[in-house]
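Report on the following structure.
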Amino acid sequence: RIAPVIVSGVTVENTTLHNKGEVERLGMSIGDKVRVVRRGDVIPKIIEVLGRATVGDLKGRTHSDGSPFNQELPEASEIIVPTKCPRCETTLAVDGAFLKCINLDCPSRLERTILYWCRKLELDGIGEKLAEQLCSSGLVSSLADLYRLDERKRELLSLDRMAEKSANNLLKELENSKSMTLSMFISALGLPRIGPEIATLICSEVETLEELIDMLQHREEAVERLVKIDRIGEVVANLLLDGISDRKESIIDLYSKIIIVEGRKTISQGTLNGETFCITGTLSRPRKEIALSIKAQGGKVVSSVSGNLDFLVSGDSSGSKMEKATRLGVKIIGEDQLDDLLGGGILTDIPKPRQSTLGEF
DNA sequence: AACAACCCCGTCAATAGATC
DNA sequence: GATCTATTGACGGGGTTGTT
């Protein structure tokens, strides 16, 4: 945490140091004065230590809402790298540049697992606070427990800021997001390095969870089989198998609570077969909608510009992506041209918006 | 009715590490 | 060595819901 400072228009009070290496590189201590910039005008980053801060440095600082910053200047002291998880006291393990808590039952990890699952499935309504409450109240101690909340509504209602309406919304969200493809299921588990892309690749080879679990029995064969998939190497294969194996019971439990649906095999049907798109700037429709239209035609939507990108779909006031695309010679198109590419399918391919007003009255 | 708490979204770059 | 995936991170605005 830093004393509030205005950087390119916003008040910054928090900024990450990422890992131990970064702290060492900067040679930083608590109580130092630092220079903060915002990468891409968004994420704050400390780029330099400017020596010790003084009381005078803190004069006249305000939070973003205008209220004064009253915190004292902390005594100068070294940053102590933790050796134990601040939450569960488990000894931390070094994982590359990072320190990790390896206790699968660590409450912090459970909360993150829940949040990750919900975000991946676009299950709205569970944020940090609720996740924390669900866990600490004992209502939820595994992902599968989320799907048991309907049986424990009374207890659910006893949580903070949780009354009838919120509870019903939550239960409905849970119910509505029960169906998913196997690759969704796998990627939403949040196993390290197993994201949507890798999960999809795996599902092109392994068709059911049962099959995957059976593979655990013959480890070497399993690795061999997975490594045959293009872009999957030994490391990822082992991470997947370990990840599943470590959580086997709870994954099976969770699996029994949800519904696996067939993935769209027709995914590459369409006019945009295999073309990649990146969307930037302000457009006339929500990004999500545009992305869906593109995908419906077999196109792929990525979040960053690289030399391999086929099209940058650019709206108004697009920033650095535009610049990068120009530099790399990526074709830049507007919404009109995208519509042309989509072949007028644009209106039929997007899912119906929620008809909550007109239809119901 | 006013206020407070919470959640979601949009914004984007920079890592580290894996794979080929 | 080039290219890709996955992940993280901070803030403010806007919407919804709960509480006073």
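All values reported here derive from a predicted model rather than from experimental measurement. Values reported hereafter were calculated over all heavy atoms of this structure, with side chains retained and with hydrogens, waters and symmetry mates removed.
Asp95(A) has its CG atom 7 Å from the P atom of dG17(B), to the nearest Å. As a whole-Å value, the separation of Leu99(A) CG from dA16(B) C1' is 15 Å. Rounded to whole Å, the distance from CD on Glu173(A) to P on dC7(B) is 14 Å. Rounded to an integer number of Å, the gap from Arg231(A) CZ to dA2(C) C1' is 11 Å. Atom-to-atom, CZ of Phe98(A) to P of dT7(C) comes out at 12 Å; the value is rounded to the nearest Å. Note: CD1 (Ile126(A)) to P (dC7(B)) measures 9 Å, nearest angstrom. For the pair Lys100(A) NZ and dA6(C) C1', the interatomic distance rounds to 11 Å; values are reported in whole Å. Residue Arg119(A) contributes atom CZ, which lies 11 Å from atom P of dC9(B) at whole-angstrom precision.
Nearer to the 5' terminus of DNA chain B, by closest-nucleotide assignment, is the contact made by Gly127(A) (compared with the other of Gly127(A) and Val235(A)). Looking at which nucleotide of DNA chain B each of Gly96(A) and Leu123(A) is closest to, the 5′-most match is held by Leu123(A).
Although no hydrogens or angles enter the test, the distance criterion places a donor-acceptor pair under 3.5 Å between the side chain of Arg109(A) and the main chain of Cys101(A). The backbone N or O of Glu22(A) lies less than 3.5 Å from a partner atom in the side chain of Asn19(A), making a donor-acceptor pair.
Considering only residues two or more places apart in sequence or on other chains, Glu211(A) meets the salt bridge (Lys or Arg N to Asp or Glu O under 4.0 Å) condition with Arg225(A).
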>> Apply salt bridge (Lys or Arg N to Asp or Glu O under 4.0 Å) to residues Asp253(A) and Arg247(A) and explain how you reach the verdict.
In response: CA-CA 10 Å; Asp253(A) 186 18; Arg247(A) 303 163 177 78; over 6 Å; no
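In this structure, Asn19(A) reaches neither bases nor backbone, as no heavy-atom distance under 4.0 Å exists between it and the strands shown. Residue-level contact check: Pro192(A) touches neither bases nor backbone, having no heavy atom under 4.0 Å from any strand.
Candidate nucleotides dT19(B), dC7(B), dA14(B) were compared by shortest atom distance to the side chain of Arg39(A), and dA14(B) ranks first. Closest approach to the Val236(A) side chain among dT5(C), dC20(B), dA18(B) is made by dA18(B) (side chain taken as heavy atoms from C-beta onward). Residue Arg112(A) has its side chain nearest to dT8(C) when only dT8(C), dC7(B), dT5(C) are considered.
With hydrogens and angles left out, the side-chain atoms of Thr54(A) and Asp57(A) include a donor and acceptor closer than 3.5 Å.
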> Starting at the 5' end of DNA chain B, what dot-bracket string do you get if Watson-Crick and G-U pairs under 3.5 Å are bracketed, crossing pairs use [ ], other-strand pairs use | and unpaired bases use dots?
Replying inline: ||||||||||||||||||||
> Could you run down nucleotides 10-20 of chain C 5' to 3' and tag each one B, S or - for protein heavy-atom contact under 4.0 Å?
Replying inline: BSS----BBS-
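Of the charged side-chain nitrogens involved, at least one lies within less than 4.0 Å of a carboxylate oxygen, so that Asp242(A) and Arg219(A) count as a salt-bridged pair. Between Glu155(A) and Arg152(A) there is a salt bridge, since at least one side-chain N of the basic residue sits less than 4.0 Å from a carboxylate O of the acidic one. For Glu175(A) and Lys172(A), the salt-bridge test fails: no basic side-chain N is under 4.0 Å from an acidic carboxylate O. By the 4.0 Å N-to-carboxylate-O rule, Glu111(A) lies too far from Lys129(A) to be salt-bridged with it.
Around CD of Glu48(A), the count of heavy atoms belonging to other residues, nucleotides or ligands within 6.0 Å exceeds 12.
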